Amino acid sequence: MIIDCHCDTVLQAYLTDRLITARSSSGHLDLPRLQESGVKIQFFALFPGISSSLSPLKQILILGDFFWEQYEHNLEKIKLLTSSSDLVEAMESDKLGALLTVEGGEVLEGELRILRILYRMGVRSLCLTWNNRNEIADGVAEGDARGLTDFGREVVKEMNKLGMIIDISHIAEKGFWDVLELSDAPVIASHSNSRAVWDHPRNLTDEQIKGIAQKKGLVGLNFVSEFIGAPDSGMKKLLEHIDHIFDLVGDDYLAFGSDFDGTDNLISGIRDVTIYPEIIAELEKRNYKESTIRKICWGNCLRILQQIL
Ligand SMILES: [Zn+2]
């Protein structure tokens, strides 16, 4: 069983005019392939990448409707996770649990009311920034980045209150530490790797990983070659990230956040979501204990979902 904390499939499916729920030869995942690969819960990000001529908010509303339309036609196969009882229902049935997330706090346009209406739409996690500056904080691509703004602090507090998962992938370091200090709940980096293994601004330093662990959050491993490093080394390099984080903080804070459909550049050897059984086999080969593999594959993320939803 797998819980995967990040994919951009809603956008990819919308742009290529395919259904998330129908098997496709395009993209990295769809409902049949998720089920085949043992994915039990998938986080579906709404990422405003349709067109820069539309406001980010308008884009994620369009994508949200695109998701809901398919969800409502497949209620017997998918369970949208908005509460702990939804979580129980998904876990006890054959349904895929789907967590709706938004990537990029610029969609809020500085309005807490927009955060709350997204919550009412079923969104349960927000990646506070993408790579650039927004009303909440700065992303990793901003030089001389600032931390959380006053509005950003309100957003963190409101997310704690509502029961939304705070996602700090993409945020610049100052903002990262501000969030850790301020949040009452664990925070996650849904799709980031280790900077000690591969020095990329989107990856986390050892200090950041330790900070997330202290906060009882998690780090979702990303399969994009740019963040794994050494694109031709395939799965071996992905496992180096796992080994490093495991050695640093143990097995309670690792998870998967593939970034499927968010890139054309997965590491070699990873074609699509059907790779998961091979990744599990690789972990077994490296003599990880069964209990550790279970935590990485789904246990740690389930803990976060149980706690926050
Ligand atoms: Zn991302």
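Fair warning: this is a prediction, and the values are worked out from it, not measured in the lab. Below, each value reflects all heavy atoms present in this structure, side chains not excepted, and no hydrogens, waters or symmetry copies. For reference, positions follow the sequence shown, starting with 1. Each ligand, and each atom within it, is numbered from 1 in the order the structure gives.
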Contacts under 3.5 angstrom, residues 111-121 side chains, donor-acceptor by atom type, not counting sequence neighbours:
from: Arg116; atom 1: NH1; to: Glu158; atom 2: OE2; distance (Å): 3.0
from: Tyr119; atom 1: OH; to: Leu162; atom 2: O; distance (Å): 3.4

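- For His6 and Phe43, the ring centers are positioned 6.0 Å apart or more.
- Counting only N and O atoms by type, the side chains of Ser190 and Asp167 include a donor and acceptor under 3.5 Å apart.
- When distances from the Zn ion (ligand 1) to the N, O or S atoms of Glu103 are compared, OE2 comes out shortest.
- The Zn ion (ligand 1) lies at 2.8 Å or more from every N, O or S atom belonging to His6.
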Under 3.5 Å, sequence neighbours excluded: what are the donor-acceptor pairs made by side chains of residues 290-299?
from: Thr292; atom 1: OG1; to: Asp251; atom 2: OD2; distance (Å): 2.8
from: Lys295; atom 1: NZ; to: Asp251; atom 2: OD1; distance (Å): 2.9
from: Lys295; atom 1: NZ; to: Asp252; atom 2: OD1; distance (Å): 2.8

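- Looking only at N/O/S atoms, His170 comes nearest to the Zn ion (ligand 1) through NE2.
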